[in-house]
Every structure is written in C-alpha cells, then in structure tokens.
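These notes concern the structure reproduced below.
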Amino acid sequence: MPAFQRPTSVPAARPTAAVFRLARAGRGARLALTAVVVAGAVAAGAASPAVAQELTRLYAPKPPAGSAYVRVVALARPGAAIGIGTAAPAPVAQGDTATIYRVVKGGAPLAVTVGGASAPGAIVPAADAFSTVVVPPSGPAVVITDPTEGRNDLKAQLRFYNLVPGCAGAVAVADGGPTVFDAVATNDTRQRAINPIEAKLSARCGEAAAPPLTLPPLKAGDHYSLFLVPGAAGPVLTGQRDETEPYRGPAN
C-alpha cells in the first residue's frame with residue numbers, strides 16, 4: 001500500500017429521514033431538559049443566597065499547588081491597617097481579632113505590615129497549609145501552623161489560640177461545664193470538633209480568668225476560632241468565624 005494512502009472501507013449506510021427526525025427529537029429533548037435544570041438552578045440561587053455562594057465556590061479558580069493561607073493577629077497595634085504580601089493594607093473587620101485568610105506563596109518569605117511598619121522577624125508560611133501570624137507588641141512575629149486534621153463536616157470545628165505570654169490557657173463551658181481545651185502553651189493552638197450548639201465559654205490564663213464569651217449559632221461544617229489575648233485588665237477571650245479570601249489569580 002502506498003505511503004499515507006487510507007485503506008478502503010465499506011461506505012456506511014446513509015441515514016433515513018426517520019433517523020434524522022429521531023435525532024432532532026432527541027436533541028430537542030436534551031435541550032429542553034438542560035433548560036429546565038438551568039432555570040431551576042437560577043431560581044434556587046435567586047431564592048437562596050447560600051446556593052449561589054456554594055456554586056461560586058465550586059466553580060471559582062483554585063490556588064496553585066504550594067500556596068499558603070495566611071491571616072494576621074496584630075497584638076502590637078489593634079485597629080491598625082494590616083498588609084499581607086502584595087494586598088492593599090486594611091484593618092481587621094469590626095469585632096474580629098484576626099484578618100481573614102489570604103492566599104500567598106507558600107514556603108517563601110512573606111512581607112507583613114502593621115500600620116505601615118514591617119513586622120519584625122522572618123515570616124515563612126508553610127506551603128499547602130493554613131497559618132496564623134501573630135505580631136506581638138515587642139519581638140519578632142510568630143508563625144503558628146493551624147491544625148486541619150480531624151475534620152468532620154457533620155460537626156463544627158473549633159480552634160483555640162493562647163496568645164497571652166507566660167501562662168497556660170484553658171477554655172471550658174461556663175458555670176462549671178466540661179473543659180474544652182486545657183494546658184495550651186503561649187503561641188500554641190488546639191482544635192477539636194464539637195456538636196453545632198450554642199454555649200457560653202469561660203477561659204483562664206493560669207489563675208487569671210477572662211470574661212465569658214457566648215458562641216454564635218454554629219452549624220455543621222462551620223469553623224470558628226477562639227483567641228485568648230492580653231487586655232488592660234487581664235486576659236480577654238475573643239472569637240470569630242474563619243474565612244478565606246476568594247482566590248482571584250489564574251485558574252489552576
């Protein structure tokens with residue numbers, strides 16, 4: 001057979017008019033079904049913002065491998081604008097203690113500013129991990145790698161950070177309830193899954209007690225962080241929902 005010559009094949013039978021009619025009917029049915037599905041999704045999204053949010057998360061571009069998720073707690077200057085990497089500096093949201101998580105390059109030095117001043121110390125967040133950077137009133141910044149093991153989407157995830165120098169932190173359900181976290185060293189963190197219930201929590205730093213904190217209503221799959229921080233009259237227990245900034249770079 002000469003080079004590149006196609007082998008002879010038996011011609012296929014030409015479709016009949018009936019076959020064409022069936023094909024057109026099948027295609028029309030598929031298009032009609034697709035229209036119904038799309039219309040249903042749009043209607044559901046219009047009726048429920050949560051549905052639209054879930055669809056946005058599903059189809060949002062994913063960060064490249066090796067990215068790090070970083071948030072900052074500025075004990076040095078509460079209320080000051082915080083800059084993370086190349087993002088424009090912004091203050092922490094009202095009532096929160098930390099910024100939201102931002103996507104940065106992992107395993108590389110990260111520039112963090114508080115009120116326009118560079119945070120001292122080497123800040124190198126781990127790749128493919130979540131980290132909380134603590135900028136104390138004096139001394140270098142501390143990078144705390146956040147635990148992510150033991151995730152249970154049927155429960156809420158609770159993290160506790162002890163950011164008070166020189167004491168072991170503990171959290172319990174108020175009014176003599178069970179202990180939630182115990183003996184957490186300074187600049188350390190613990191995580192556990194809890195049933196999504198409302199509760200009032202009390203915290204201690206050694207012998208010093210913090211005013212109680214009421215958890216907001218949590219549902220299955222929620223992530224919430226507790227921070228024990230220094231206050232003018234003693235330790236203070238604060239809390240906020242964990243949130244990650246949407247990734248807006250090239251799709252991975």
Approximate separation, where rounding is to 0.5 Å, of [X] [atom1] and [Y] [atom2]:
| X | Y | atom1 | atom2 | answer |
| --- | --- | --- | --- | --- |
| I144 | L163 | CD1 | CG | 5.5 Å |
| Y161 | T189 | OH | OG1 | 4.5 Å |
| Q191 | F181 | CD | CZ | 8.0 Å |
| E245 | R102 | CD | CZ | 4.5 Å |

Hphob cluster co-occupancy, [X] + [Y], side-chain heavy atoms under 4.5 angstrom:
| X | Y | answer |
| --- | --- | --- |
| V92 | V112 | yes |
| V103 | L110 | no |
| V72 | I123 | yes |
| I84 | V114 | yes |

TODO: Establish, yes or no, whether a centroid distance under 6.0 Å links the rings of Y69 and Y101.
DONE: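 So the answer is no for these two rings.
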- [ ] Each residue besides V124 in its hydrophobic cluster should be listed here, by chain and number; the cluster joins Ile, Leu, Val, Met, Phe, Trp and Tyr at side-chain heavy-atom distances under 4.5 Å.
- [x]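 Members other than V124 - counting any ILVMFWY side chain reachable under 4.5 Å - there are none.
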Open item on the list: If you define the side chain from C-beta out and look only at heavy atoms, does anything of Y247 sit under 4.5 Å from P64?
Closed with: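 Side chain of Y247 against side chain of P64, heavy atoms only: contact under 4.5 Å found.
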Open item on the list: Is there a side-chain contact between V104 and P125 in this structure, where contact means two heavy atoms from C-beta onward sitting under 4.5 Å apart?
Closed with: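 Side chain of V104 against side chain of P125, heavy atoms only: contact under 4.5 Å found.
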Open item on the list: Under a 3.5 Å distance rule, please check whether R192 uses its side chain to pair with a backbone N or O of V180 as donor and acceptor.
Closed with: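 Yes; at least one donor-acceptor contact below 3.5 Å.
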Under 3.5 Å donor-acceptor pairs involving side-chain atoms of residues 204-220, not counting sequence neighbours:
unit_1: R204; atom_1: NH2; unit_2: E207; atom_2: O; d: 2.6
unit_1: K219; atom_1: NZ; unit_2: D222; atom_2: OD1; d: 3.3

Distance-only donor-acceptor pairs under 3.5 Å for side chains of residues 128-142, two or more places apart:
unit_1: D128; atom_1: OD1; unit_2: G66; atom_2: N; d: 2.9
unit_1: T132; atom_1: OG1; unit_2: R71; atom_2: NE; d: 3.0
unit_1: T132; atom_1: OG1; unit_2: D146; atom_2: OD1; d: 3.1
unit_1: T132; atom_1: OG1; unit_2: D146; atom_2: OD2; d: 3.0

Would you mind writing out the side-chain donor-acceptor pairs for residues 164-174 within the sub-3.5 Å range, not counting sequence neighbours?
none

Open item on the list: I need the minimum non-hydrogen distance between V184 and N162, along with the two atoms involved.
Closed with: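 Looking at all heavy atoms of both residues, the shortest contact is O-ND2, 2.9 Å.
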Task: Contacts of type side chain to side chain donor-acceptor pair (under 3.5 Å), residue E243, not counting sequence neighbours - done: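 Partners of E243 by the side chain to side chain donor-acceptor pair (under 3.5 Å) criterion come out as none, since no residue qualifies.
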- [ ] Taking only Lys NZ, Arg NE, NH1 and NH2, and the carboxylate oxygens of Asp or Glu, determine whether R159 and D242 approach each other closer than 4.0 Å.
- [x]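 Salt bridge flag = yes for D242 with R159.
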Side-chain polar contacts of residues 228-240 - donor-acceptor pairs under 3.5 angstrom, sequence neighbours left out - could you list them?
unit_1: T238; atom_1: OG1; unit_2: T97; atom_2: OG1; d: 2.6
unit_1: T238; atom_1: OG1; unit_2: F227; atom_2: O; d: 3.4
unit_1: Q240; atom_1: OE1; unit_2: T97; atom_2: N; d: 2.7
unit_1: Q240; atom_1: OE1; unit_2: A98; atom_2: N; d: 2.8
unit_1: Q240; atom_1: NE2; unit_2: A98; atom_2: O; d: 3.3

TODO: Kindly determine whether T113 and I82 satisfy side chain to side chain contact (heavy atoms under 4.5 Å, CB included), including the steps that lead there.
DONE: CA-CA 6 Å; T113 61; I82 298 174; over 6 Å; no
